[in-house]
Amino acid sequence: MLGRRSAVIASLTTGALALAALVPSAAATADPANDRHAPPPKAPTAVGYGGAVASVDAEASRVGLEVLRKGGNATDAAVATAAALGVTEPYSAGLGGGGFFVHYSARTGEVETIDGREKAPSAMPHDAFIDPETGEEYPFFPDMVTSGASVGVPGTPLTWHNALKKWGTKSLRQTLAPAARLARRGFVVDETFHQQTVDNAERFAAIDSTAELFLPGGSAPEVGSRFRNPDVAATYDMIGHQGVGAFYHGRLAGEIADAVTSPPKTGETDLPVPAGWVTTDDLAAYTAPEREPTRSTYRGLDVVGMAPPSSGGTSVGEALNILERYELDAMSPTEAYHHLIEASAISFADRGAYVGDADQVDVPVDALLDDTFAAERACGIDPAAAQPKPVAAGDVDDYDGVCDGEAGAGETARDTENLETTNLTVVDRWGDVVEYTLTIEQTGGSGITVPGRGFLLNNELTDFSTTYRADDPNRIEPNKRPRSSMSPTIVLGEGPDGEKQPILAVGSPGGSTIITTVLQILVERLARDRSLPEAMAAPRVSQRNVAKTDAEPAFIDAYAGPLESLGHSFASTAEIGAATAIGIGPDGLLTATAEPWRRGGGSALVVRPAG
Ligand code: GLU
């Protein structure tokens, strides 16, 4: 017999159960043949000039391209695209989440970043994820994530405001308007959105406001139907007209705090949905600061990434520093992937030991990105045999680059990061670049929609180590930002006059696999000399300092045999990452790329297609 929860899911899936509290359907069936708003066609690669946008979604990329066409710059287009993703990818990103915005200015030659990571409330206790009834941690999914306790103070609205103020030419009102129109007009439900809703139906049904919006009529919107969200349109309008203060202060702030501290739970659910701690004071106190980016070099190129609280910049940079010591281009695929896997395990060992929110813990960023440290860490790599994993972390206080000791065994870190989120890349006609990864963490975040406001709140606080340990850099603390893996990265090379100029921007969703996806794309492109579309399409492998390396089936088919004879072992995983990237040629030729098939395929557009 089905358990009660499974029975609810089954009936929601088939649409057989009409939940009494639900309002009539927000998703009306669309007839694609007569639909002047049918979804735009999507292509994963576009080559041309004058600006480019790449995202996972055709509607969102189109919104960004329109902004570029009408004279907006990369920041204007990035904010507009992100807001549109909040409509069409509401389970991955939106007003209720956070992210990291990385910007290159062609005028100043500088890469600067905004940290829009969610922050723990000031009353966050160390035992936030312990069930008082059992004294044990809540089961991770769906119990722990579906909670007010997991909600951090959102950073996305202030990221948009700050980015526009610093680099944009358009107002928040102008950049949110296309997304508001899209939300009113609706988008055509595809298989991915439908399936994500089905997969989360039990927990969405546990929250009145979420069931009302995302389970119209009691079931997931059908593929091909039109999904409208007038509530989020009104919220975008309000923030557009009144400014970002309308989110962090006043009535909406009060409603967010209420939804966290007293989640609008249905009477019908078995899920605990514990309350959280975000107050209006926490919202009012939130800042999205600029952070000095991480910088490392790879074969004469500058690799610029996101600093703590993200572990993206240090982890990608450290692994590249290790790999720079080898001629990957002269190696067989087996040898090259062996080194990639080993370097990745090492950088994850150091990430676990040292990286957290640098506002609260001492993160040795310089050591982690030091070539001498990389030289010493590379000592663990045997070209003929895989290291036993997990490998131990290095000693950031005592290293000289000399191989003289036995590395001990490490410990496996618990990995609770989800595999969703979204990423976008924009280049404008002036040569400015934005690489922006944004998230609400779990697919569907905390499952809590702010009633009447049309957006889900994040569950980003489950990115903390959920069990408290005083020596853990990612331990839960009040007013702290949980460690992220988001890795928006811009690579700069040398221009014709010796000046640095961007050649590639890349980022991906995928929880902790973000780091390995970005690393692998960089390695395929910069070391293995693949074209950018080939680098994006290459079967992915993800080693995160655990015994078995995750790999896509195509990777396993092509490479696992010889790698296993070196001592590697693999776990098959259907897909890893959903990246976007733009390559910038010396003559300004843009190669915009999104996923060819992962997450249903993405959408790359250029202002003036070549040829
Ligand atoms: N919460 C994750 C992070 O900050 C991202 C989640 C995801 O990619 O799905 O690294």
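Residues: numbered from 1 along the sequence shown.
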Worksheet entry | Stepwise side chain to side chain contact (heavy atoms under 4.5 Å, CB included) test for Val56 and Leu85 | CA-CA 9 Å; Val56 71; Leu85 288 167; 4.1 Å; yes
Practice prompt. Tell me, with the steps shown, if Phe100 and Arg291 meet side chain to side chain contact (heavy atoms under 4.5 Å, CB included).
Written response: CA-CA 10 Å; Phe100 298 103; Arg291 304 274 181 205; over 6 Å; no
Worksheet item: What do the steps show when you test Arg181 against Glu66 for salt bridge (charged side-chain N to carboxylate O under 4.0 Å, His left out), and what is the final call?
Response: CA-CA 13 Å; Arg181 279 196 296 277; Glu66 273 309 298; over 6 Å; no
Worksheet item: Step by step, would you call Lys166 with Glu112 a side chain to side chain contact (heavy atoms under 4.5 Å, CB included)?
Response: CA-CA 10 Å; Lys166 184 157 174 121; Glu112 294 169 287; 3.1 Å; yes
Item to complete: Might you work through the side chain to side chain contact (heavy atoms under 4.5 Å, CB included) test for Ile239 and Leu95, ending with a clear yes or no?
Response: CA-CA 10 Å; Ile239 296 170; Leu95 289 167; 4.0 Å; yes
Discussion item. Show, in sequence, the C-alpha distance, side-chain angles and deciding distance for Glu255 and Arg251, and conclude whether the salt bridge (charged side-chain N to carboxylate O under 4.0 Å, His left out) test is met.
Written reply: CA-CA 6 Å; Glu255 290 169 14; Arg251 203 166 129 196; 3.4 Å; yes
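Side-chain atoms of Ser311 come within 3.5 Å of backbone N or O of Ser484 as a donor-acceptor pair. The closest donor-acceptor contact from the side chain of Ser487 to the backbone of Ser485 lies under 3.5 Å. Between the side chain of Thr235 and the backbone N or O of Arg453, at least one donor-acceptor pair lies under 3.5 Å. When atom types are taken as modelled, the side chain of Arg599 and the backbone of Ala578 share no donor-acceptor pair closer than 3.5 angstrom. In this structure a side-chain-to-backbone donor-acceptor pair under 3.5 Å is missing from Lys500 to Gly109. In this structure, Asp432 contributes its side chain and Ala106 its backbone to a donor-acceptor pair below 3.5 Å. Of the possible donor and acceptor atoms, none in the side chain of Ser446 sits under 3.5 Å from a partner among the backbone N and O of Gly148. Looking at His241, its side chain does come within 3.5 Å of a backbone N or O of Asp237 through a donor-acceptor pair.
In this structure, Phe193 and Thr88 have side chains that are not in contact, with every pair of non-hydrogen atoms separated by 4.5 Å or more. Contact annotation: the side chain of Pro44 never approaches that of Trp597 to less than 4.5 Å [non-hydrogen atoms, C-beta and beyond]. Contact annotation: the side chain of Leu301 never approaches that of Leu504 to less than 4.5 Å [non-hydrogen atoms, C-beta and beyond]. Here the side chains of Thr210 and Phe204 are in contact, with some heavy-atom distance below 4.5 Å. In this structure the side chain of Pro154 reaches within 4.5 angstrom of the side chain of Asn458, judged on heavy atoms. Considering only heavy atoms from C-beta on, Arg540 comes within 4.5 Å of Arg598 through its side chain. Annotation: side chain of Phe455 is not in contact with side chain of Asn229 (no heavy-atom distance under 4.5 Å). Taking the side chain as every heavy atom from C-beta outward, Thr489 and Val102 never approach each other to under 4.5 Å.
A side-chain donor from one of Ser55 and Ser61 sits under 3.5 Å from a side-chain acceptor of the other. Residues Ser209 and Glu212 bring no donor and acceptor atom of their side chains to less than 3.5 Å of each other. For Thr422 and Ser92, the side-chain atoms include no donor-acceptor pair closer than 3.5 Å. The closest side-chain donor-acceptor pair between Thr580 and Asn423 falls under 3.5 angstrom. There is no side-chain donor-acceptor pair under 3.5 Å between Asn73 and Thr169. No side-chain donor from either of Thr462 and Ser150 sits under 3.5 Å from a side-chain acceptor of the other.
Between Phe247 and Tyr286, the distance from one ring center to the other does not fall under 6.0 angstrom.
Between Phe227 and Phe214, the angle of the ring planes stays under 30°, which puts this pair in the parallel group of the 30/60° scheme.
Taking a 6.0 Å sphere around CZ of Arg295, one finds it holds more than 12 heavy atoms contributed by other residues, nucleotides or ligands.
The line from CD of Glu524 to CG of Leu532 is 11.0 Å long, rounded to the nearest 0.5 Å.
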